[in-house]
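Below, read A as the first sequence line, B as the second, and so on, with proteins coming before strands; counting in each chain starts at 1.
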2 protein chains.
Amino acid sequence: MSSGTRKIRTMGEFAAVSGISRPTVSKYFQDPRSVKKVTRERIETAIDKYGFRPNLFAMNQNRRLTKNIGIVVPYLADPFFAEIARNIERRCLDAGYFPMLFSSHGETSLENDIFETLRSLKPAGVLLAPLGRRSERQVVEDFCGDVPTVLFDSEIEGVGEAFVGSDNFQSIPLIVEYLCRTGEPPSFFEMPPVNPNANKRRQAYIQAMESLGHAPQVVHVHGEGWAFEEVGYREGMRVIAERKLPTDTVLCSNDRLAIGFLAAAYEKGLRVGRGQGFALRVAGHDDHPFARFTSPSLTTVAQDYAAIAERSVETLFRLLDQGINAERRETELFPGSLVMRQSA
Amino acid sequence: MSSGTRKIRTMGEFAAVSGISRPTVSKYFQDPRSVKKVTRERIETAIDKYGFRPNLFAMNQNRRLTKNIGIVVPYLADPFFAEIARNIERRCLDAGYFPMLFSSHGETSLENDIFETLRSLKPAGVLLAPLGRRSERQVVEDFCGDVPTVLFDSEIEGVGEAFVGSDNFQSIPLIVEYLCRTGEPPSFFEMPPVNPNANKRRQAYIQAMESLGHAPQVVHVHGEGWAFEEVGYREGMRVIAERKLPTDTVLCSNDRLAIGFLAAAYEKGLRVGRGQGFALRVAGHDDHPFARFTSPSLTTVAQDYAAIAERSVETLFRLLDQGINAERRETELFPGSLVMRQSA
DNA sequence: CACAGCTCTTGTCGCGCGTAAAAAAAAGTG
DNA sequence: CACTTTTTTTTACGCGCGACAAGAGCTGTG
């Protein structure tokens, strides 16, 4: 913006000084490509010159559909969700939308409040990673009835226009096979499921073990909430102390649990790793951003963050374009890939 | 909301069915305590009955000042910022404000874009943890001139109405003294500073060492951006391999760097901890949420997240009430507390 | 040349609420 | 009871833009 030019306050003023009619300017701001190239360039020159941005509230007041996109994650202090939210945010911005980020912080009441808030924001669509077991299904369902919503990460059967996540029945067998091939078959370390992924992973583990001719061994420990590391540590300390581990290979339900478990193993003096001189192998699931920096580094299955983010956004935008087709709820699952590190 | 009652769409309709005049209802929604108790109760009964919420965009359209509070952090994938943002969000909601969370993701252009977005949101105030060295001072300053802004975590001298952070000149001596008292004096492991805290910590380290009669030893390594763990790991591997560590005690500039360094030490087979049989002591700064779960657990100085969040919000609200007093820019620094764990 | 097909302009209405001023009602006071 | 003070109602306007309709201007086609 060049200085010395008086501040433009309204779209009318801006239209006047830039020699374009107001409706055309309005059209430009709704979709720059909807006006002819020469007009677009004249407007953009004027924007540079006067630094005008239309009033956000006035814009959204009368629009049938805003350009807002809601992004809701269950727990933002988990870098996994922070990372995926960042991906989604970026893609929304690039597509000319206005992403708004919310975290349920693991609390049902907060998730419900967020739905209320989102309703009043009249978003074009919402990308929702629900709390899971703590979500109130009816509330989520009602919300999805009002606003086009794509679920990701955690599935709620039949709710929302689509679901994008990762394929636990592919990823878990992948690492189970690897672990069986390279050493003692794993036991499965889990806490009470916060969402369907945890259940599916246990089922997938059991199936994979059985199909390989091994007896599944599930170590189910206490704990709730989203402080997974804490649970993994505390319960890891306990099962190690009480010698409740059925095998010397432990597959944790997710990386955060594994991170806590690794801390417990270290503190108990158990050397974690594969090969001679190691007491324990530990593996996780997700490829959490910190999994590279545990001691030892964590062998895990990588979820394809970028792909999940991209497809979620893509699916939502396609839905918005085509209009909702309530008949066919789409589900897309991405495969995981084995990440071999030092812990197993 | 009871069913069977037709949907209320506007405040006028709502006022009609609840037997209150629209301006009074409007007053209620701006501040529930600004109407008499009986009126407030009648309105709240009606809200429960009809489930009405005023249109957010229409509300903010004509208001001199909205109830929006912007929260900007430099890097949301850092659980430290996620945690502090959560604290701040909560407090804003409790105070009847509408927090909106943004992350600069470590990028100057994104930070600048966020300022533009915030301007159009006409927020009552903003809580800003700037990028630091990568912030464009003039841009931040201009923004703070337009919107009441409280800086936190990372200081920019003279910018914003106030600053709330932690006192590096108290916290660093605290841990330096501890390390000197219990073993070999520490060297200071740092990467190129992303913000003033890093500089202050180095200075505080040097001062503390000198006042204890030791020669400061700063190990300055390469690296940039916000992937601190990666830098700590990569450069940790290098300095260990090249035997560039001047001492067997390393104080890292922050916990994330320490987490990476610990991974490197582990991979290099150096046992980290205090006492007999350990090759290295490693300490950090911040009490990062994951510092409890490293192997070994990380000795560090805790920043008082909750206090910083609370005071930031409190300061902003006080400023909003009293009106800005440009004369006296307030600075509040909280002391850290030593957290002794296994790594040092 | 006429005609069609875009794109832009002109003009006008209304969204849902904030806000202000004045009048009316209610509450508090002695 | 009369009086003041607080609270609510009435009435009216305007915020900045979206949406729409009708017409004007430009382009390309045969």
Q) Can you name the closest pair of heavy atoms from A:V164 and A:I308 and give their distance? A) CG1-O, 3.8 Å

Q) Looking at B:P54 and B:M11, what are the two nearest heavy atoms and their distance? A) CB-CE, 3.8 Å

Q: Please list, in 5' to 3' order, the outermost nucleotides of DNA chain D lying under 4.0 Å from any heavy atom of chain B.
A: D:dT7 to D:dG16

Q: Taking the side chain as every heavy atom from C-beta outward, state whether A:M100 and A:L121 have any atom pair closer than 4.5 Å.
A: yes

Q) Taking the side chain as C-beta and beyond, is there a heavy-atom pair between B:I43 and B:F14 under 4.5 Å? A) yes

Q | Closest to the A:R22 side chain, choosing from C:dT12, C:dG11, C:dG18 | A | C:dT12

(Q) Taking the minimum atom-to-atom distance to the side chain of A:N62, which one of C:dG18, C:dC15, C:dC17 wins? (A) C:dC15

[X] [atom1] to [N] [atom2], straight-line distance once rounded to whole Å:
X: B:L56; N: C:dC15; atom1: CG; atom2: C1'; result: 15 Å
X: A:R40; N: C:dC8; atom1: CZ; atom2: C1'; result: 15 Å
X: A:R119; N: C:dG16; atom1: CZ; atom2: C1'; result: 19 Å
X: B:Y28; N: C:dC17; atom1: OH; atom2: P; result: 15 Å
X: B:M59; N: C:dC15; atom1: CE; atom2: C1'; result: 16 Å
X: B:D31; N: C:dG18; atom1: CG; atom2: P; result: 13 Å
X: B:F14; N: C:dC17; atom1: CZ; atom2: P; result: 11 Å
X: A:R33; N: C:dC6; atom1: CZ; atom2: C1'; result: 18 Å

Q. Just one of A:P130, A:S103, A:S154 clears the side chain to side chain contact (heavy atoms under 4.5 Å, CB included) bar with A:V73, so which one?
A. A:S103

(Q) Between B:P54 and B:P23, which residue's closest nucleotide on DNA chain C lies nearer the 5′ terminus? (A) B:P54

Sort me out a list of protein N/O and nucleotides 27-29 of chain C N/O pairs below 3.5 Å, or just none if empty.
none

Q. Base, sugar-phosphate, or nothing for A:T10, non-hydrogen atoms under 4.0 angstrom?
A. sugar-phosphate

(Q) Is there a side-chain contact between B:Q30 and the phosphate of C:dC17, meaning an N or O under 4.0 Å from OP1 or OP2? (A) no

Q | Residue whose closest nucleotide on DNA chain D lies nearer the 5' end, B:T39 versus B:A58 | A | B:T39

Q) When you look at B:Y75 and B:F80, which way does the ring-ring contact (aromatic ring centres under 6.0 Å, His included) test go after all the steps? A) CA-CA 9 Å; B:Y75 195 75; B:F80 168 81; over 10 Å; no

Q: Please work out which of the three classes, parallel, tilted or perpendicular, describes the rings of A:F29 and A:F52, given edges at 30° and 60°.
A: perpendicular

**Q.** Side-chain donor-acceptor contact under 3.5 Å, B:H105 with A:E89
**A.** yes

Which pairs would a plain distance check flag for residues 139-153 of chain A, meaning a side-chain donor or acceptor within less than 3.5 Å of a matching protein atom at least two apart in sequence or in another chain?
from, atom 1, to, atom 2, distance (Å)
A:E141, OE1, A:R137, NE, 3.2
A:D142, OD1, A:Q138, NE2, 3.1
A:D146, OD2, A:R119, NH1, 2.1
A:T149, OG1, A:V147, O, 2.8

